[in-house]
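Residues take their numbers from the sequence shown, with the count starting at 1. What you see is a predicted model, and the numbers here were worked out from it, not measured in a lab.
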Amino acid sequence: QVQMAQSGGGSVQAGGSLQLSCGLSGTAYRPNGPYCMGWFRQVAGNEREEVASIDTRGVTKYADSVKGRFTISKDNTKTYLHLQMNNLKPEDTAMYYCAADPGSLCPRNGPVGIYRGQGTQVTVSS
């Protein structure tokens, strides 16, 4: 089993910053992978939107809507996945989820989310 426990998030004014973190653990978790990991977000009633992904080699990919503002990273122990969000906009308001799939490379739209965090709300006010 692989557990993903999220922290961070909250409310911020437009232009502000937040960091989301996802702790990875469990008897089946292997820090050296391979995994495709990422973040997606969802607004109630809408389809999920992939935000960012990172593969085992550290190659990152971002949605056009967050490029230049968000940064996905893994810590040196490879037991934490982070999403640094800067210059936040009201349209970034959503529930954010971390996700991971076994495998070396990420699919075009990021991880499906075989393993997922519990979700954390991000609210950006104008």
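- Under a hydrophobic-cluster definition in which Ile, Leu, Val, Met, Phe, Trp and Tyr are linked whenever side-chain heavy atoms come within less than 4.5 Å, directly or via other members, V2 and M37 are assigned to the same cluster.
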N/O donor-acceptor pairs under 3.5 Å from side chains in residues 113-126, not counting sequence neighbours:
{"residue": "R116", "atom": "NE", "partner": "G113", "partner atom": "O", "Å": "3.1"}
{"residue": "R116", "atom": "NH2", "partner": "V112", "partner atom": "O", "Å": "3.3"}
{"residue": "Q118", "atom": "OE1", "partner": "Q6", "partner atom": "N", "Å": "2.9"}
{"residue": "Q118", "atom": "NE2", "partner": "Q6", "partner atom": "O", "Å": "3.1"}
{"residue": "T120", "atom": "OG1", "partner": "G8", "partner atom": "O", "Å": "3.0"}
{"residue": "Q121", "atom": "NE2", "partner": "A94", "partner atom": "O", "Å": "3.4"}
{"residue": "Q121", "atom": "NE2", "partner": "T123", "partner atom": "OG1", "Å": "3.4"}

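- Applying the disulfide (SG to SG under 2.5 Å) test to pairs two or more places apart or on separate chains, those with a residue in residues 29-90 are C36-C106.
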Can I get a per-line list of side-chain donor-acceptor pairs under 3.5 Å for residues 10-25, giving both atom names and the distance, sequence neighbours left out?
{"residue": "S17", "atom": "OG", "partner": "N86", "partner atom": "OD1", "Å": "2.9"}
{"residue": "S21", "atom": "OG", "partner": "H82", "partner atom": "ND1", "Å": "2.8"}

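- The CG atom of L81 sits 9.0 Å away from the CG atom of D75 when rounded to the nearest 0.5 Å.
- Although no hydrogens or angles enter the test, the distance criterion places a donor-acceptor pair under 3.5 Å between the side chain of R69 and the main chain of N87.
- For R57, the side chain to side chain contact (heavy atoms under 4.5 Å, CB included) partners at least two apart in sequence or on another chain are D55, V59, L105.
- Cluster partners of F40, by chain and number: M95, Y97. The rule joins Ile, Leu, Val, Met, Phe, Trp and Tyr whenever side-chain heavy atoms lie under 4.5 Å apart.
- Within a 6.0 Å radius of OH in Y29, more than 12 heavy atoms belonging to other residues, nucleotides or ligands are found.
- For N76, the CG atom is loosely surrounded, since the number of other residues' heavy atoms within 6.0 Å does not exceed 12.
- Through direct or relayed side-chain contacts under 4.5 Å between Ile, Leu, Val, Met, Phe, Trp and Tyr, V43 connects to no other residue.
- The pair D92-K89 does not count as a salt bridge, with every side-chain nitrogen at least 4.0 angstrom from each carboxylate oxygen.
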